[in-house]
Amino acid sequence: MNSNEETILRESIRSIIRHVKSKRLDEEKELRQIIQKMMDFDLLEAQTPDVDPSPNKSTGINVLEDLLKKIIPILEIDYKSLTTSSEQRDSYRAHVLNAVENSLTPAKLNNQAGEEEAASLEEIDITVGDDAGEDKFIDIRTDAEKAAEEEEADPRDSFGADVDGDETGRNMAYQSYKKVESNIIDSYELLANPEDQELFFDYLIANLKLYFEKFEEELASELPEPTNQAYDMAKQEQPADQAGPDDIELDL
């Protein structure tokens, strides 16, 4: 490696480290803002709740606490099993959050519809001629064509249709979400008060993000840190008095 290539390599390493450090600071700032908002409801705990806390100010938050006790341990186990790469975990997180929003959005719209409108829709009677009850349709498809049309697509494809990301992370998220989806929907549908519904939805999304951050921090301390020859070379040349376990930026 000539001196010019070595200089370019060092600049690249320095740029990557700056980017990582900046991203961490931005994420930490966003996380602190979310935590500050949530302190009014005493919802966030240092670890998964394992005791019955005092009631909160909102029924929606109380219902959410009960839900988190059921679903967080499931999501934690599956999330922490994705150890091959951070891309798998990023994909898992994105797909789970997207699935929660997709599941609760129809429920939110239904609750906003109002009882009078729902009742009027039930009274609508649709008929198509006098022979509507008789099946006169002649299906001319071959057996092969029927089989091809009836063959179901992989449900994991539709599950991840709106989200890009690692396929393994998507598949694991699909498996996890099947375990918790009914709990999430059932808990939300307990609530009829619009304020409770709004708090439940907002704080569910916020808590899922916070717990995923917590899982990632715990996992980072358990997994061996990846390295390469360029990093090792640069690290060895760093002055001893500047090196340290918490030193992120290299002095190249």
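Since the structure is predicted, the reported quantities are computational estimates derived from the model, not experimental observations.
- Taking Glu213 as the reference, Arg93 meet the salt bridge (charged side-chain N to carboxylate O under 4.0 Å, His left out) condition, with sequence neighbours excluded.
- Look at Lys69 and Glu65 and you find no salt bridge, because none of the NZ, NE, NH1 or NH2 atoms lies under 4.0 Å from a carboxylate O.
- Nearest heavy atom pair, residue Leu97 against residue Lys209, reads CD1-CG, 3.9 Å.
- Between Ile61 and Tyr203, some side-chain heavy-atom pair lies under the 4.5 Å cut-off.
- Annotation: Tyr188 is not in aromatic contact with Phe201 [ring centroid separation under 6.0 Å not met].
- Here the side chain of Arg156 pairs no donor or acceptor atom with the backbone of Asn171 at under 3.5 angstrom.
- For the salt bridge (charged side-chain N to carboxylate O under 4.0 Å, His left out) test, residues two or more places apart in sequence or in another chain that qualify with Asp157 are Arg170.
- Two residues are said to be in side-chain contact when any heavy atoms from C-beta on lie closer than 4.5 Å; Ile72 and Leu208 meet this criterion.
- Hydrophobic cluster membership differs between Ile77 and Tyr174, with clusters built from Ile, Leu, Val, Met, Phe, Trp and Tyr side chains linked at under 4.5 angstrom.
- Summarising the geometry of Ser91 relative to Gly169, their closest heavy-atom pair is OG-C, 3.8 Å, with the distance given to 0.1 Å.
- When the side chain to side chain contact (heavy atoms under 4.5 Å, CB included) test is applied to Asp196, the partners found at least two apart in sequence or on another chain are Ser58, Thr59, Leu191, Asn193.
- Inter-residue side-chain proximity for Phe200 and Val63 is flagged as met; some heavy-atom pair is nearer than 4.5 Å.
- Glu76 has its side chain out of reach of Tyr79: every pair of non-hydrogen atoms, C-beta onward, lies at least 4.5 Å apart.
- For the residue pair Ile205 and Glu101, the shortest heavy atom distance occurs at CD1-CG, 3.9 Å.
- Rounding to the nearest 0.5 angstrom, the gap separating the OG atom in Ser158 from the CG atom in Asn102 is 10.5 Å.
- Taking CG of Leu204 as the start and CG of Leu199 as the end, the distance is 12.0 Å to the nearest 0.5 Å.
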Residues 176-185 side chain polar contacts: donor-acceptor under 3.5 Å, at least two apart:
from: Ser176; atom 1: OG; to: Asp78; atom 2: OD2; distance (Å): 2.4
from: Ser176; atom 1: OG; to: Tyr92; atom 2: OH; distance (Å): 2.8
from: Ser176; atom 1: OG; to: Met172; atom 2: O; distance (Å): 3.0
from: Tyr177; atom 1: OH; to: Ala99; atom 2: O; distance (Å): 3.2
from: Tyr177; atom 1: OH; to: Ser103; atom 2: OG; distance (Å): 2.8
from: Lys179; atom 1: NZ; to: Asp78; atom 2: OD2; distance (Å): 3.4
from: Glu181; atom 1: OE2; to: Ser103; atom 2: OG; distance (Å): 3.1

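- Ser85 meets the side chain to side chain contact (heavy atoms under 4.5 Å, CB included) test with Glu87, Gln88; sequence neighbours excluded.
- Rounded to the nearest 0.5 angstrom, Asp202 CG and Leu64 CG are separated by 10.5 Å.
- Between Phe215 and Phe212, the ring planes are perpendicular. Angles over 60° get that label, and only those under 30° would be called parallel.
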